[in-house]
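Worksheet for the structure shown next.
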Amino acid sequence: KMSIVTDIFLWLLIETAFGFLFYATGCMLLKVTTFGSYKMEFKDYASFKQRKSKKVVPVIALGVGFYITMITLLAFINS
């Protein structure tokens, strides 16, 4: 039973950390493409973890898409 609790805790920790990483990447991309006019909703990990909302899902998707594109490009270049 303790293993299930540990697995759930670890999964939640990893999900939140990757969510913030993808959010920060998406915000960086939006900030670059809008020449600095995009404002980040969350400035740090603690506020992100505390108040995730549905408004950040597109920004997280943009961050995930960036990493998928980079991995695909690296695989294509190295093949």
Side-chain angles (χ1 to χ4, degrees):
K1 290 189 179 213
M2 190 58 119
S3 176
I4 293 172
V5 173
T6 306
D7 287 346
I8 291 173
F9 177 74
L10 186 61
W11 175 78
L12 288 173
L13 183 68
I14 290 171
E15 186 271 333
T16 303
F18 275 111
F20 184 71
L21 173 71
F22 295 145
Y23 172 75
T25 302
C27 284
M28 179 198 64
L29 290 171
L30 286 173
K31 212 168 216 0
V32 167
T33 57
T34 61
F35 302 108
S37 65
Y38 179 77
K39 303 286 186 231
M40 289 179 67
E41 185 175 338
F42 304 112
K43 300 285 185 197
D44 59 357
Y45 178 75
S47 62
F48 174 80
K49 185 176 163 185
Q50 198 173 53
R51 298 181 278 136
K52 274 197 298 191
S53 68
K54 298 208 183 272
K55 293 190 299 185
V56 301
V57 171
V59 179
I60 291 173
L62 181 63
V64 170
F66 173 76
Y67 285 110
I68 289 173
T69 303
M70 293 304 294
I71 291 169
T72 305
L73 184 62
L74 287 172
F76 180 72
I77 289 172
N78 288 328
S79 63

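Computed from a prediction, not measured in an experiment: that's the story for all the values here.
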Side-chain donor-acceptor distances from residues 72-79 under 3.5 Å, at least two apart:
unit_1: T72; atom_1: OG1; unit_2: I68; atom_2: O; d: 2.8
unit_1: N78; atom_1: ND2; unit_2: L74; atom_2: O; d: 3.2
unit_1: S79; atom_1: OG; unit_2: A75; atom_2: O; d: 3.4
unit_1: S79; atom_1: OG; unit_2: F76; atom_2: O; d: 3.0

Rounded to the nearest 0.5 Å, how far apart are [atom1] of [X] and [atom2] of [Y]?
X   : Y   : atom1 : atom2 : answer
W11 : T6  : CH2   : OG1   : 15.0 Å
F66 : L29 : CZ    : CG    : 5.5 Å
T25 : M70 : OG1   : CE    : 11.0 Å

By ring-ring contact (aromatic ring centres under 6.0 Å, His included) - contacts of F18 (at least two apart):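 Once residues adjacent in sequence are excluded, the partners of F18 under the ring-ring contact (aromatic ring centres under 6.0 Å, His included) criterion are F22.
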
Which residues share a side chain to side chain contact (heavy atoms under 4.5 Å, CB included) with I8, sequence neighbours left out: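 Here the qualifying residues are I4, L12.
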
Joint hydrophobic cluster, I14 plus L21, side-chain heavy atoms closer than 4.5 Å: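 Looking at the clustering, L21 is in the same group as I14.
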
